[in-house]
Amino acid sequence: MSSPAAMNIIRSGPHTLVVDQGRFGYQDIGVSPGGPADLHAYYWANRLLGNSVNCAALEVTIGGAQFQFSSSCTIAVCGANMPITVTAANTNTSINLTTWQTIKVNAGDRLSLAPARSGLRSYLAISGGFNITPELGSMSSSIKQKLGAFNGRLLAAGDKLEYITSCQHPALSQQQVPNRFLPDYQQTLKLALIPSYQFQQFTQKDIDILSHQTYTLSELSDRMGLRLVGDPLVDIPPSGESEAIALGAVQVPPNGLPIVLSVDKQTIGGYPKLGCIARLDLYALNQRRPQQAVQFYISSWQVQRQRWLAFQQFFSIPLGVTRNA
């Protein structure tokens with residue numbers, strides 16, 4: 001009996017893990033949703049291949065990773081600008097490619113992702129997805145809870161991830177993301193802040209500080225929280241009892257420097273919160289590097305809800321299907 005098709009991890013890079021949309025419904029027992037730090041790039045990788053929106057993929061942070069495929073397949077890499085090299089097994093010749101498109105690889109080929117030139121994270125999806133058993137309804141790796149492939153840990157050299165060759169689509173033509181949908185990860189990012197019930201506890205002076213300055217990202221930022229560097233807020237409300245924390249919450253610790261909570265956030269906390277940034281802005285923020293600039297502006301949940309609904313509607317429609325005007 002032949003072995004199942006598998007991707008072999010030759011080099012894992014500094015931070016590579018398995019993600020799907022995330023693990024929902026378990027925050028009451030301390031399990032954060034997890035999932036892709038940038039849902040936009042993750043969705044595009046699966047969309048190019050005709051996969052479902054929840055198909056498991058790899059989140060590769062910074063780059064420096066290399067993979068080998070035991071059977072022919074079609075993949076897509078979307079997100080950070082990581083130069084791609086495919087080295088053929090039979091001739092040992094290499095071709096250089098870019099992200100945001102589908103790529104056909106043959107049995108034995110090696111795929112290398114070089115360090116990112118802009119952005120932080122790329123998503124490598126495979127036609128049909130990886131064959132991973134869900135835990136608590138998700139295939140996403142959760143390092144803290146030890147859930148997902150390889151008990152939720154980061155991938156390492158020597159790991160293998162199976163994929164089902166019967167799900168491959170050999171007739172699938174090459175696809176690429178239209179230029180108008182490609183993000184610019186180097187521009188100053190403007191974050192839409194939706195005020196929370198605690199917003200009124202902050203003084204107008206602090207709201208002005210927040211709204212009129214440019215912050216930079218701290219090197220201490222990660223998938224749990226994005227720490228900002230700038231002029232601190234000065235009249236911080238006291239911390240209260242711990243309560244449930246929403247995705248994208250902007251909490252303010254005693255040092256007055258905001259922290260934007262991301263996909264691996266803690267589930268409860270007591271620091272005062274200004275509100276939440278829009279989810280689409282959080283995903284863009286997760287592609288920014290330390291010392292890049294971000295700014296806040298005040299928005300409303302009604303406006304940001306329309307942005308979110310349009311985003312979800314777009315990715316619920318398979319590629320090539322015409323939408324009514």
TODO: Classify the ring geometry between W100 and H40 as parallel (under 30°), tilted (30 to 60°) or perpendicular (over 60°).
DONE: tilted

Open item on the list: Checking the side chain of Q251 only, and the main-chain atoms of K273 only, is there a donor and an acceptor separated by less than 3.5 Å?
Closed with: no

Task: V77: which of L97, L48, T98, I84 passes side chain to side chain contact (heavy atoms under 4.5 Å, CB included) - done: I84

Task: Pair R223 + E59, salt bridge at N-O below 4.0 Å - done: yes

TODO: With the side chain counted from C-beta on, respond yes when T188 and V294 share a heavy-atom pair under 4.5 Å apart, and no when they do not.
DONE: no

TODO: Would you check if there is a donor-acceptor pair between the side chains of Q175 and Q101 at a distance under 3.5 Å?
DONE: no

Open item on the list: Looking at L217, is its backbone amide N or carbonyl O close enough to the side chain of S221 to form a donor-acceptor pair, meaning the two atoms are under 3.5 Å apart?
Closed with: no

Task: Short side-chain donor-acceptor distance under 3.5 Å, T216 and Q291 - done: no

Open item on the list: Quick one: does any side-chain atom of K265 pair with a main-chain N or O of A246 as donor and acceptor, under 3.5 Å?
Closed with: no

Open item on the list: Can a donor-acceptor pair be found, under 3.5 Å and without considering hydrogens, that links the side chain of N81 to the backbone of A116?
Closed with: no

Open item on the list: Assess, by modelled atom type and distance only, whether the side chains of Y43 and Q21 contain a donor and an acceptor separated by less than 3.5 Å.
Closed with: yes

- [ ] Determine, step by step, whether V234 and K205 satisfy the side-chain contact (heavy atoms from CB on, under 4.5 Å) criterion, reporting the C-alpha distance in whole Å, the side-chain angles of both residues, the deciding distance to 0.1 Å, and the verdict.
- [x] CA-CA 8 Å; V234 293; K205 177 180 179 181; 4.0 Å; yes

Open item on the list: Whether the S94 and T87 side chains hold a donor-acceptor pair (N or O, under 3.5 Å, no angle test) is what I'd like checked.
Closed with: yes

Task: Rounded distance [0.5 Å steps], OG1 in T267 versus CD1 in I29 - done: 9.5 Å

Task: Backbone N/O of P183 and side chain of Q287: donor-acceptor pair under 3.5 Å - done: no

Open item on the list: Could you see if L39 belongs to whatever hydrophobic cluster contains V260? Use Ile, Leu, Val, Met, Phe, Trp, Tyr and a side-chain cutoff under 4.5 Å.
Closed with: yes

Open item on the list: Less than 6.0 angstrom from the centroid, inside 45 degrees of the normal: does R47 satisfy that with respect to the ring of F314?
Closed with: yes

Open item on the list: Hydrophobic clusters here meaning ILVMFWY residues chained together by side-chain heavy-atom distances under 4.5 Å, can you tell me if L113 and I10 are in one?
Closed with: no

Task: No-hydrogen, no-angle side-chain donor-acceptor test under 3.5 Å, S299 and Q304 - done: yes

- [ ] Could you verify whether a donor N or O on one side chain and an acceptor N or O on the other, from T102 and Q174, lie under 3.5 Å apart?
- [x] no

Open item on the list: Assigning hydrophobic clusters by single linkage (Ile, Leu, Val, Met, Phe, Trp, Tyr; side-chain heavy-atom cutoff under 4.5 Å), is Y283 placed with L17?
Closed with: yes

Open item on the list: Given 3.5 Å as the limit, does a donor-acceptor pair link the side chain of Y42 with the main chain of L58, or not?
Closed with: no

- [ ] Please work out which of the three classes, parallel, tilted or perpendicular, describes the rings of F181 and W44, given edges at 30° and 60°.
- [x] tilted

Open item on the list: Once rounded to the nearest 0.5 Å, what's the spacing between atom SG of C276 and atom CH2 of W301?
Closed with: 14.0 Å

- [ ] Decide yes or no on side-chain contact (heavy atoms from CB on, under 4.5 Å) for R288 and Q187, but give the supporting numbers first.
- [x] CA-CA 9 Å; R288 265 47 181 190; Q187 68 181 5; 3.6 Å; yes

Open item on the list: Minimum heavy-atom separation for T61 and P14, please, with both atom names.
Closed with: O-CG, 3.6 Å

Task: Test item: T203 and D208 side chains (from C-beta on) under 4.5 Å apart, heavy atoms - done: no

- [ ] Salt-bridge test for E135 and K146: reply yes if a basic N is under 4.0 Å from a carboxylate O, no otherwise.
- [x] no

TODO: Check whether any side-chain heavy atom of K190 sits under 4.5 Å from a side-chain heavy atom of I277, and report yes or no.
DONE: no

- [ ] Evaluate the side-chain contact (heavy atoms from CB on, under 4.5 Å) criterion for residues F69 and L111: first the C-alpha distance (whole Å), next the side-chain angles of each, then the deciding distance (0.1 Å), finally the verdict.
- [x] CA-CA 8 Å; F69 301 85; L111 176 91; 3.8 Å; yes

Task: Approximate separation, where rounding is to 0.5 Å, of L120 CG and L285 CG - done: 10.0 Å

Open item on the list: If the test is side chain to side chain contact (heavy atoms under 4.5 Å, CB included), which one of N286, D38, I62, V19 qualifies with R121?
Closed with: N286

Task: Trace of the side-chain contact (heavy atoms from CB on, under 4.5 Å) decision for W308 with L280 - done: CA-CA 7 Å; W308 178 248; L280 297 182; 3.8 Å; yes

Task: Criterion side chain to side chain contact (heavy atoms under 4.5 Å, CB included) against M7, the qualifying member of I75, L124, L155, V105 - done: L124

Open item on the list: What I want to find out is whether D159 reaches R153 closely enough, with some N-O distance under 4.0 Å, to be called a salt bridge.
Closed with: yes

Task: K104/D109 under salt bridge (charged side-chain N to carboxylate O under 4.0 Å, His left out): CA gap, chis, key distance, verdict - done: CA-CA 10 Å; K104 292 185 178 181; D109 285 358; over 6 Å; no

Task: Transitive ILVMFWY side-chain link V252 to I268, under 4.5 Å - done: no

Open item on the list: For G225, is there any backbone N or O sitting under 3.5 Å from a side-chain donor or acceptor partner on D222?
Closed with: yes

Open item on the list: Grouping I, L, V, M, F, W and Y whenever their side-chain heavy atoms are under 4.5 Å apart, do Y271 and I207 come out in a common cluster?
Closed with: no

TODO: Specify the closest pair of heavy atoms between P36 and Y123, including all atoms of both residues, with the distance to one decimal.
DONE: CB-CE2, 3.7 Å

TODO: Say whether Q213 and Y215, considering side chains only, have a donor N or O and an acceptor N or O under 3.5 Å apart.
DONE: yes

